[in-house]
Protein chains: 2
Amino acid sequence: MAKPLTPRARQIVAVARELLEEEGAEALTMRRLGERLGIRAASLYKHLPNKAALEAAIIAVGFEDAAAAFEAVTGNGTEPLDTFARVYRAFALAHPHLYRLMTDQPLPRDLLPEGLEQRAAAPLLQAVGGDPARARAAFAFAHGMVMLELTQRLPPGEDPWPAWREGIAAFRARATTPGQRATAKHPH
Amino acid sequence: MAKPLTPRARQIVAVARELLEEEGAEALTMRRLGERLGIRAASLYKHLPNKAALEAAIIAVGFEDAAAAFEAVTGNGTEPLDTFARVYRAFALAHPHLYRLMTDQPLPRDLLPEGLEQRAAAPLLQAVGGDPARARAAFAFAHGMVMLELTQRLPPGEDPWPAWREGIAAFRARATTPGQRATAKHPH
DNA sequence: GTCTATACCCGGATAGAC
DNA sequence: GTCTATCCGGGTATAGAC
């Protein structure tokens, strides 16, 4: 799948990422990208087969960056789920357009390096104790919070952290699924 | 703000919604909409000022439908948060393109009827017991789960319900925010 | 590896006649 | 309230010369 890129192609992808991050998804066109590189849009096709490949390459570096950000803080002694949430949020809000490109559509898995998805997902799975369903639920929460922030769905000017704390606590507090009502387990 | 629509404009919006739901956001153009109505795209501007107004009107009816769906099941005896989750998910998956139009961008609040947002949000606030932070966290979870499903981010072919149950349980189990660790308050 | 030229398609919106 | 004609912009991508 994921064909390796030439050095020149990698450079083009790096500039494309800048363009995306600075001006948004609508600005990411072959023409505008050519402008930034000082060449014509047509010349790009000597380096990348089409726009989908360009986007897939940007997505791939995005996941690599995100995975690296997680790995940089694992095992630093802080509470794992809290740490995950902070790093996840920081990444998304620092790169909103990149984040949306990475999450808005089905992953072009056939154009992505093998194992990249798992690598990026591993820290959360560990943070919630290894249960995949719990990990997915916590991931949905984090993704949802970030999207609400990016789309300005929270009341304007309000601190999002109380909601973040609620979610972090919710996915940390219980050891396993309770049968029905609030019969919280005591840690002992 | 939200100017009232003429009956003809309402009909146009209804057809536009069909077009969106059946063919997706890229298909929602003034030309294609004109085709469905048997008129030219230019004629649409006699009824609606521009495309933004058309989208805002579609969003408004979407929220009205969603609010009605919640209100149809409130107080029917089932567990409130579970009920909310099921109705929320059912709406989003039944109208994926509409759902994304409603959530992908900041709300055009100045073009929407007064109070509509609150009306749609009320059922969840009640379901979590009235705490706004908790409600936002639970909403983020539901929104995130739906988006993961719509963007096919969950492992293909896997049942999403275990993750839904985890989240529902997570936001139901605790009574309030613990100070630091899982020192859940007892309901008394 | 870059260029020019071009094909082909699409979009939102306005003016003015009827 | 509909039409025609039009403006002006944008996009991906290919062919072939240099």
Side-chain angles (χ1 to χ4, degrees), chain A residues 2-60 97-98 100-101 104-106 108 110-111, chain B residues 2-60 97-98 100-102 104-108 110-111:
Chain A
K3 287 241 181 71
L5 303 179
T6 64
R8 176 60 164 151
R10 263 193 295 275
Q11 188 206 346
I12 290 172
V13 171
V15 171
R17 178 187 170 165
E18 288 176 21
L19 175 57
L20 169 69
E21 297 212 27
E22 290 170 19
E23 306 190 38
E26 335 76 53
L28 184 62
T29 72
M30 302 306 264
R31 288 194 221 258
R32 303 274 279 103
L33 177 54
E35 268 178 41
R36 283 222 172 194
L37 287 157
I39 64 177
R40 298 288 166 186
S43 307
L44 295 168
Y45 292 88
K46 298 287 183 184
H47 305 282
L48 294 159
N50 50 44
K51 196 187 174 184
L54 175 69
E55 290 182 340
I58 297 173
I59 291 171
H97 298 298
L98 174 60
R100 296 201 57 161
L101 180 68
D104 267 352
Q105 335 135 349
D110 48 327
L111 298 177
Chain B
K3 288 240 181 73
L5 302 180
T6 64
R8 176 61 164 152
R10 264 194 293 276
Q11 188 206 347
I12 290 173
V13 170
V15 173
R17 177 189 172 163
E18 288 175 22
L19 174 57
L20 170 68
E21 298 212 26
E22 289 170 21
E23 307 190 39
E26 334 77 52
L28 184 62
T29 70
M30 302 304 266
R31 288 190 220 260
R32 302 272 282 103
L33 177 55
E35 269 178 39
R36 283 221 173 195
L37 287 157
I39 64 176
R40 298 289 167 183
S43 307
L44 296 168
Y45 292 87
K46 298 286 185 184
H47 305 282
L48 295 158
N50 51 44
K51 198 187 174 185
L54 175 68
E55 291 183 339
I58 298 173
I59 290 172
H97 298 297
L98 175 61
R100 296 201 57 161
L101 180 67
M102 291 167 65
D104 267 353
Q105 334 136 350
L107 269 189
D110 49 327
L111 299 177

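Please read all numbers here as calculations on a predicted model, not as lab measurements. Throughout, a chain's letter reflects where its sequence line sits, starting with A, and its residues are numbered from 1. As a basis for the values below, the full set of heavy atoms in this structure was taken, side chains included, without hydrogen atoms, waters or symmetry mates.
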A.B. asks: Taking the side chain as every heavy atom from C-beta outward, state whether Ile12(A) and Arg8(A) have any pair of such atoms under 4.5 Å apart.
C.D. replies: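 Yes - at least one pair of side-chain heavy atoms lies under 4.5 Å apart.
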
A.B. asks: Hey, does the side-chain of Arg31(B) have a donor or acceptor N/O within less than 3.5 Å of a partner on the base of dG12(C)?
C.D. replies: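 Checked by distance alone, the answer is yes.
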
A.B. asks: Please check: side-chain N/O of Arg17(B) versus main-chain N/O of Leu98(B), any donor-acceptor pairing under 3.5 Å?
C.D. replies: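 No; judged by distance alone, with no hydrogens or angles, the pair does not exist.
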
A.B. asks: Just how far, in rounded Å, is P of dA15(C) from CG of Leu44(B)?
C.D. replies: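 Atom CG in Leu44(B) sits about 17 Å away from atom P in dA15(C).
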
A.B. asks: Judged by each residue's nearest nucleotide on DNA chain D, which is more toward the 5′ side, Ala42(B) or Lys51(A)?
C.D. replies: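 Final value for this comparison: Ala42(B).
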
A.B. asks: Has Ser43(A) got a side-chain N or O lying under 4.0 Å from the OP1 or OP2 atom of dC3(C)?
C.D. replies: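 Affirmative; the distance criterion is met.
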
A.B. asks: Which listed nucleotide (dG1(C), dG1(D), dA13(D)) is nearest to the side chain of His47(B)?
C.D. replies: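 Selected nucleotide (nearest to the side chain): dG1(D).
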
A.B. asks: Taking CD from Glu26(B) and P from dG10(D), how many angstroms apart are they, rounded to a whole number?
C.D. replies: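 Roughly 22 Å, once rounded to whole Å.
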
A.B. asks: Could you tell me the separation between the CD atom of Gln11(A) and the P atom of dG1(C), rounded to a whole number of Å?
C.D. replies: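 It works out to 11 Å between those atoms.
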
A.B. asks: Let me know the distance between CD of Glu55(B) and C1' of dG12(C), rounded to the nearest Å.
C.D. replies: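 Rounding to the nearest Å, CD of Glu55(B) and C1' of dG12(C) are 12 Å apart.
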
A.B. asks: Starting the side chain at C-beta, find the nucleotide from dT14(C), dT2(D), dG1(C) nearest to Ile39(B).
C.D. replies: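 The answer is dT2(D), which lies nearest to the side chain.
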
A.B. asks: How long is the straight-line distance from CG of Leu44(B) back to OG1 of Thr29(B), given to the nearest 0.5 Å?
C.D. replies: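 Those atoms lie 9.5 Å apart.
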
A.B. asks: Between Tyr45(B) (OH) and dG11(C) (P), how many Å, whole number?
C.D. replies: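 Those two atoms, OH and P, are 11 Å apart.
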
A.B. asks: Rounded to whole Å, please give me the gap between CG in Leu28(A) and P in dG10(D).
C.D. replies: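 After rounding, the reported distance stands at 16 Å.
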
A.B. asks: Just the rounded figure in Å: distance from C1' of dC9(C) to CE of Met30(A).
C.D. replies: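 The distance from CE of Met30(A) to C1' of dC9(C) comes to 17 Å, rounded to the nearest Å.
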
A.B. asks: Looking across every strand, which nucleic acid part, if any, lies under 4.0 Å from Gly38(A) by heavy atom: base, sugar-phosphate, or nothing?
C.D. replies: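 Sugar-phosphate contact only.
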
A.B. asks: Can you confirm whether Arg36(B) is buried at CZ, in the sense that more than 12 heavy atoms of other residues, nucleotides or ligands lie under 6.0 Å from that atom?
C.D. replies: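 More than 12 heavy atoms, drawn from other residues, nucleotides or ligands, come within 6.0 Å of this atom.
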
A.B. asks: Would the distance check show the side chain of Arg100(B) and the main-chain N or O of Gly24(B) forming a donor-acceptor pair, the cut-off being under 3.5 Å?
C.D. replies: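 The answer is no, because no donor-acceptor pair under 3.5 Å joins these two groups.
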
A.B. asks: Starting at the 5' end of DNA chain C, which residue's closest nucleotide do you reach first, Thr29(B) or Arg8(A)?
C.D. replies: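 Residue closer to the 5' terminus by nearest nucleotide: Arg8(A).
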
A.B. asks: For dT4(C), take OP1 and OP2 only and decide whether either is under 4.0 Å from a side-chain N or O of Arg40(A).
C.D. replies: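 Indeed, a polar side-chain atom of Arg40(A) lies that close.
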
A.B. asks: Expressed as a whole number of angstroms, how long is the span from Leu37(A):CG to dC3(C):P?
C.D. replies: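 Distance, rounded to whole Å: 10 Å.
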
